[in-house]
Amino acid sequence: MSESHGLYIDGKWEIPPGAKTFSTHNPATGDELGTFVAARPEDVERAVAAAHKAFKSWREVPAPKRGRILLQAAEIYRRDKASLGRTVTMEMGKILPEGLGDVQEAIDFIEYASGEGRRLLGETVPSELRNKACLTLRQPKGVVAAITPWNFPTAIPNWKIAAALISGNTVVFKPASNTALCGTRVVQAYAEAGLPAGVLNLVTGSGGVVGDTLVSDPRVRAVSFTGGSDTGREVYLKGAQKLKYVHLELGGKNPQIVMDDANLDLALEGVLFGAFGSAGQRCTATSRLILHQDIYEEFLGRLIERLRRLRVGNPLDEGVEMGPVASAEQERKVLGYIEIGKKEGAELLLGGTKLTGAPYDRGFFIAPTIFAATHGMRITKEEIFGPVLSVLKVRDFEEAVRVANDVDYGLSSSIYTRDVNLSFQAMERLEAGITYINAPTIGAEVQLPFGGIKNTGNGGREAGTTAIDEFTEIKTVFVDFSNRLQKAQIDA
Ligand code: UN1
């Protein structure tokens, strides 16, 4: 029997009497990992009430003191990194070094965010009048809902939670259901770190019940959502009715361009990591490889040859390079796209099947898959979120940029070239929130803004100096110390 886990509301772990439950499973083996409460609307409302009540005192805790508690949580993650990394790997299937990387990204961001406790910078600017001061303050928004996906089950929650908390907000956190154990462990660290009751609450359960209740509750002033574009649109619309601030971090269709002058060894390592790391289940994953015609045959040949030897297996095992996809649902979706690709007439060059036989029998393993595709096919335009790469041949840089940009998403992008002019042109012209030069589309660092354009989001950026924008209101203050009525804009 696996362990039962509760909701965390107002500083207490609880399993409400008669609660319905659900469990999570290891996508490599099918083993059950834990059972969790499927929260009802009234449970969610209690969590929001707790957060709402705690806000009054939490906002008054000096920000550097809030930072101390965050740093303590980071220390706990660091202490428990090995076991947390294993939990990530067991619950969503990325290989252990990537599971550990997920936890490291959480630690990195919390440390970064806690420093904001000594900044939370405002502005001071001149007044057009004498004896008058003009400045801005950052103030918390109130109760924040953090709704997060399964693909980075410790890092992404912490991008939101740590930034919200350092800014003085309180949080109700709803993790993806299939990584509820990771979500529980994310919160356990903050509880152990001494966060006051009600400041961070955990409600597990479905998007339809928990997510909906959170987004509809008028006491929730901001919603930070990372996930699929369709759900993101629903969250945005529902939040709009209550004029909430909604931050969305959605899909991608990220290209890696390889020019004829590129270092091909480097570009090959790049696409292997970018497209098949985390089995392609990153918003930033490379799903289109755009090759200059002069290196097309050679590069593709080498890629296929290397991928044939890619070690797919239990992601906990040493030396395994790719694990399963995260769930049955994910498997269906990815295999569905492979069928679409074949029907559209894309040439299947490698993979394209579910892996069977030991050690794959009990898991959701899909062979690394490559299509030689034509730009415009659905597999070249829609997010697949799995180990499926479409390869596209282009004549020159102009065509590469045109193809790269001709999708509805705009998260990450990459170009391999030694030409400094093309590098700078790519920086300016690739329609994406992130551009890498001579590096893969994945692997963003937390001290820089993260987010995208077009259908990838609605304009915000997480992490970096922009992290707190999502969670603070700007208060503008005018101090007139002239001791008389001064009138701006009016001629004296
Ligand atoms: C995501 O997939 O939503 O840049 C986040 C990267 C990671 C974060 C990805 N640092 O690949």
Side-chain angles (χ1 to χ4, degrees), residues 85 88 92-95 97-113 146-163 175-176 178-179 182-183 186 224-229 231-232 235 247-256 269-288 322-323 325-326 330 334 383-387 389 409-414 430 432-437 439-458 460-464 466-467 470:
V88 171
M92 66 69 63
K94 62 174 87 170
I95 58 173
E98 292 175 335
L100 293 165
D102 196 311
V103 179
Q104 187 57 48
E105 192 161 351
I107 296 169
D108 292 345
F109 184 71
I110 299 171
E111 288 180 351
Y112 179 82
I147 306 177
T148 60
W150 46 262
N151 70 329
F152 274 85
T154 69
I156 292 180
N158 275 293
W159 291 0
K160 300 182 191 301
I161 292 169
N178 56 327
T179 50
C182 290
V186 162
S224 184
F225 172 88
T226 299
S229 294
T231 315
V235 168
H247 174 96
L248 300 174
E249 205 63 72
L250 310 173
K253 192 68 192 170
N254 314 294
Q256 174 178 317
E269 289 307 313
V271 70
L272 285 168
F273 185 44
F276 301 99
S278 307
Q281 301 168 110
R282 297 194 190 208
C283 308
T284 50
T286 309
S287 57
R288 296 180 295 150
M322 193 177 92
V325 295
Q330 216 33 45
V334 175
E383 183 175 55
I384 299 175
F385 225 67
L389 180 68
Y409 294 107
L411 181 53
S412 188
S413 55
S414 141
L430 287 176
I434 306 170
T435 293
Y436 290 90
I437 310 292
T441 59
I442 68 173
E445 300 180 33
V446 301
Q447 67 278 22
L448 287 117
F450 181 93
I453 61 172
K454 301 200 262 189
N455 289 0
T456 294
N458 57 350
R461 294 288 182 274
E462 297 196 283
T466 47
E470 192 182 335

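The chain is numbered in sequence order, starting from 1. Not measured: the values here are computed from a predicted model. Whatever order the structure lists them in is the order used to number ligands and atoms, beginning at 1.
Between W159 and ligand 1, not a single N/O pair is under 3.5 Å apart. Geometrically, ligand 1 and Y436 share no nitrogen or oxygen pair separated by less than 3.5 Å.
For atom 9 (C) of ligand 1, the nearest protein heavy atom (residue, atom name, distance) is F152 CE1, 3.5 Å. Nearest protein heavy-atom contact of atom 4 (O) of ligand 1 is A444 N, 2.7 Å. Nearest protein neighbour of atom 3 (O) of ligand 1, counting heavy atoms only, is C283 SG, 2.8 Å.
Two rings, from W150 and F385, have their centers less than 6.0 Å apart.
Atoms CZ and SG, on F152 and C182 in that order, are 12.0 Å from each other to the nearest 0.5 Å. The CG atom of L250 sits 8.0 Å away from atom CG of N455, with the distance rounded to the nearest 0.5 Å.
Under a 4.0 angstrom heavy-atom cut-off, I156 registers as being in contact with ligand 1.
At a cut-off of 3.5 Å, with distance as the only test, no side-chain donor of S414 or T441 sits close to an acceptor on the other residue. Side-chain contact of S224 with E470: a donor-acceptor pair under 3.5 Å is present, judged by distance alone. N254 and T284 form no side-chain donor-acceptor contact under 3.5 Å, judged by distance and modelled atom types alone.
The side chain of N151, and not its backbone, has at least one atom closer than 4.0 Å to an atom of ligand 1 (non-hydrogen atoms only; side chain from C-beta on).
Atoms of ligand 1 lying under 4.0 Å from at least one heavy atom of G443, given by number and element, are 4 (O), 6 (C), 11 (O). Ligand 1 places these atoms under 4.0 Å from at least one heavy atom of E105: 7 (C), 8 (C), 10 (N). Atoms of ligand 1 lying under 4.0 Å from any heavy atom of R282, numbered from 1 in the order shown and given with element: 2 (O), 6 (C), 7 (C), 11 (O).
Heavy-atom contacts from other residues, nucleotides or ligands closer than 6.0 Å to CD of E445 number 12 or fewer.
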